[in-house]
Novice: 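Before I ask anything, let me first share the structure, which is written out below as C-alpha cells.
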Amino acid sequence: MRVNRIGRARGRALTGLLAAGLAFGGTAAVPAVALPRAAAQPAAECSAAYRIEQRLSTGTTWRMCWRYDTHAGLVLERVSYQPPGETRPIKVLNSARLAQIDVPYDDGSVEYSDLTGAGFAQGLSAMTPAECPGGTIKAVKVPNAPDPRHPNVNGLCTTTRSRGHAYRMQSDTGNKVYQAQGKDLLIYTVNKVGWYEYITEWRFQDDGTVNMSIGATGSLSPFDYDAGDGRGWPIGKGARGYATSHSHNVFWRLDFGLDGSSGNRVEQYDSRVSPPARGAQAPSNKTTRTEITKELAGDAQNMRWWRVVSDTGKNKDGHARSYELVPGASSKYLGHDFTRHDVYFTEYNRCEQFASDNLGGCGRGAGKSVDTWVNGQTLTHPVVWVNVGFHHIARDEDQQPMPVHWQGFSIAPRDVTAMNPLTPPALAGQNGRARSGS
C-alpha cells in the first residue's frame with residue numbers, strides 16, 4: 001500500500017523545494033561532478049565515473065553512460081550493443097528513463113505523481129553488497145538530498161546474472177545438442193517513496209533484448225486500514241482493517257538512436273485471422289504493415305505490435321535494423337486521458353520530459369501530459385512513451401515486508417543482426433534458404 005509515514009494527507013510542498021535541472025553521480029573513487037545544464041544532448045563520451053561497460057561471458061558487450069536526474073532518478077544514455085561477430089558497437093538508444101509513476105487511490109481521496117511530486121529521486125536508498133551480488137555499487141550524488149551534508153548514496157548496482165537457456169537445438173543428424181545459457185547485465189536502484197520502495201531495474205540481455213521493469217515492495221501503509229469504504233481487502237485478523245486499493249501507472253520514456261541517428265521511423269503491424277478458405281486445412285492469417293508518420297496514441301490489441309526502424313543502418317543481410325516493442329501485462333487505468341493508452345509516439349521536444357505533471361517548462365498552452373502532445377506533428381525524431389498499469393488490491397501475503405510485484409515491458413532486436421547473435425560457429429553457415437550441396 002501507499003502513503004508516507006506522516007499519513008495520507010501528504011503535502012505537495014516538496015515539489016516546490018525540488019530545483020529543476022540535473023544532478024550527476026559518480027563512483028566512490030571519483031568525486032561527483034555536474035555537467036553543463038545547457039547541453040541539449042549529452043557529449044559523445046562520458047567520463048569513467050559515469051560509464052558502464054560490460055562484456056558478458058557469451059561475448060556480447062553493452063556500453064552506456066548514466067546520470068541521476070532531479071526527478072526521474074537514474075537515466076541511461078548513449079546505449080549501445082555489440083554482439084559477437086560485429087566489429088563495432090550498434091547504437092540503440094539516445095536515452096531511457098522513467099517518465100512518471102502515477103498512483104490514484106480507488107476511493108478518489110488522493111493521487112500522487114511520485115516522480116514530479118513526491119520526491120522519488122531524493123528517496124534513493126543505499127544498498128549493501130548482499131543486494132548487489134557479484135556486482136559493483138556506485139555512489140550517486142542525490143540532488144536536493146534530504147541531508148545536504150551527505151548527498152552521496154551508494155545506490156546504483158551493476159551486476160550480471162544468468163537467465164537460463166538462450167537457445168537449445170538438437171542436430172538433425174546424430175545426437176549433438178547445441179545449447180547456451182544466457183547472461184544479462186543488470187542495472188538497478190531502489191527509491192523509497194512513503195511506505196513504498198521501488199526497484200527500478202534495467203536488464204540488458206546478451207541477445208540484444210532490453211527489459212525495463214519496476215518492482216514495488218516495502219510496506220503496506222498502516223494509515224489505510226479503513227474498513228468502511230468498500231474499496232479494499234481485509235488485512236489482519238477478521239474483517240476490521242481494509243487496505244485501500246490503488247493503481248500504479250508507470251511510464252517510461254525512450255529516445256531511440258538506432259545506428260547513431262535519431263531520424264528513425266515507426267511501423268505498426270496487425271494480423272487478422274480468417275476462416276479456412278474452400279479446400280484449406282486451417283484458417284489463414286494476414287499481417288499488414290502501417291507506417292506511423294504522425295504522432296500516435298496507440299493501444300495494444302491481439303496480434304498487434306510496433307517497431308522502431310533505423311533509417312541508416314542495415315544488418316549483413318541488407319535488412320533495416322529495428323527494435324520491436326514487447327508489452328508486458330498491464331491493467332489499464334481509465335481515469336485520465338494520459339493513462340488511457342498503452343504507448344505514445346511523439347515528436348522529440350526537449351521540454352516534454354514527464355508523462356504527467358510535466359516539469360519541462362513547455363510554455364503556456366503546451367499541456368502537462370503526454371496525451372496533449374499527440375497533436376498531429378510529423379514524426380522525424382520519434383520518442384516512445386510506454387504505459388504499464390498495475391491495480392494493487394492488497395492481500396494478507398503483502399505483509400510484512402511486501403513481496404515485490406513487477407510491471408514492465410521489453411524491446412527486442414528485429415533484424416539487428418543477420419542471425420542469432422549467439423549462433424555457435426558450427427551453425428554459422430545456416431543463414432536463410434538452404435542451398436543444395438551446402
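Only heavy atoms go into these numbers, but all of them, side chains included; no hydrogens, no water, no symmetry mates. The model shown is predicted, which means the values in this text are computed figures rather than measured ones.
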Novice: Should K183 and D206 count as an ion pair when the cut-off is N to O under 4.0 Å?
Specialist: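 Salt bridge between K183 and D206, a charged N being under 4.0 Å from a carboxylate O: no.
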Novice: Can you see whether T288 engages D270 through a side-chain donor-acceptor pair at a distance of less than 3.5 angstrom?
Specialist: no
Novice: For the pair F251 and F338, name the ring-plane relationship: parallel under 30°, tilted 30 to 60°, perpendicular over 60°.
Specialist: tilted
Novice: Does a donor on one side chain sit under 3.5 Å from an acceptor on the other, for R88 and Q82?
Specialist: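 Judged by distance alone, the side chains do not pair up.
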Novice: Below 30° counts as parallel, above 60° as perpendicular, anything between as tilted: where do the rings of W385 and W373 land?
Specialist: tilted
Novice: Have H336 and N249 got a donor and an acceptor in their side chains that come within less than 3.5 Å?
Specialist: no
Novice: For residues 321-331, pull every pair meeting side chain to side chain donor-acceptor pair (under 3.5 Å), keeping only residues two or more places apart or in separate chains.
Specialist: D259-R321, R307-S322, E324-R414
Novice: If you measure from the Lys or Arg side-chain nitrogens to the Asp or Glu carboxylate oxygens, is any gap between R163 and D207 under 4.0 Å?
Specialist: yes
Novice: Could you check whether the rings of F204 and W202 sit parallel, tilted or perpendicular, using 30° and 60° as the cut-offs?
Specialist: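 Rings of F204 and W202: parallel, under 30°.
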Novice: Any chance the side chains of H341 and D299 put a donor and an acceptor closer than 3.5 Å?
Specialist: yes
Novice: Regarding T287 and S271, is there a side-chain donor-to-acceptor distance under 3.5 Å anywhere?
Specialist: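 Short answer, yes.
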Novice: Test of understanding: with side-chain contact (heavy atoms from CB on, under 4.5 Å), list the residues that count as partners of T380, not counting sequence neighbours.
Specialist: E347, T378
Novice: Is there any salt bridge (charged side-chain N to carboxylate O under 4.0 Å, His left out) pair reaching into residues 336-345, and which pairs are they, with sequence neighbours excluded?
Specialist: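 Those involving residues 336-345 are K332-D342, D337-R340.
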Novice: According to side chain to side chain donor-acceptor pair (under 3.5 Å), who are the partners of K91, at least two apart in sequence or on a separate chain?
Specialist: N94
Novice: Between H248 and F390, how do the two ring planes meet: parallel, tilted or perpendicular, split at 30° and 60°?
Specialist: tilted
Novice: List in chain and number order the residues that pass ring-ring contact (aromatic ring centres under 6.0 Å, His included) with Y167, two or more places apart in sequence or in another chain; answer none if no residue qualifies.
Specialist: none
Novice: Please enumerate all residues that pass salt bridge (Lys or Arg N to Asp or Glu O under 4.0 Å) together with R395, with sequence neighbours excluded.
Specialist: D398
Novice: Using a strict 4.0 Å threshold on nitrogen-to-oxygen distance, state whether R55 and E53 make a salt bridge.
Specialist: no
Novice: Is it the case that the side chains of S356 and D102 hold a donor-acceptor pair, with the cut-off being a distance below 3.5 Å and no angle test?
Specialist: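 Checked: D102/S356 side chains show no N/O donor-acceptor pair below 3.5 Å.
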Novice: Where does the angle between the aromatic ring planes of Y196 and H405 fall among parallel (under 30°), tilted (30 to 60°) and perpendicular (over 60°)?
Specialist: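 Ring orientation of Y196 relative to H405: perpendicular.
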Novice: Report yes or no: do S262 and N264 form a side-chain donor-acceptor pair below 3.5 Å?
Specialist: no
Novice: Where the side chain of T159 meets the backbone of P133, is there a donor-acceptor pair that is under 3.5 Å apart?
Specialist: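 Checking the backbone N and O of P133 against the side chain of T159, a donor-acceptor pair under 3.5 Å is found.
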Novice: On the 0 to 90° scale, with breaks at 30° and 60°, tag the W305-Y269 ring pair as parallel, tilted or perpendicular.
Specialist: parallel
Novice: Taking D69 first and then R67, would you say they form a salt bridge - that is, a charged N and a carboxylate O separated by under 4.0 Å?
Specialist: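 Salt bridge between D69 and R67, a charged N being under 4.0 Å from a carboxylate O: yes.
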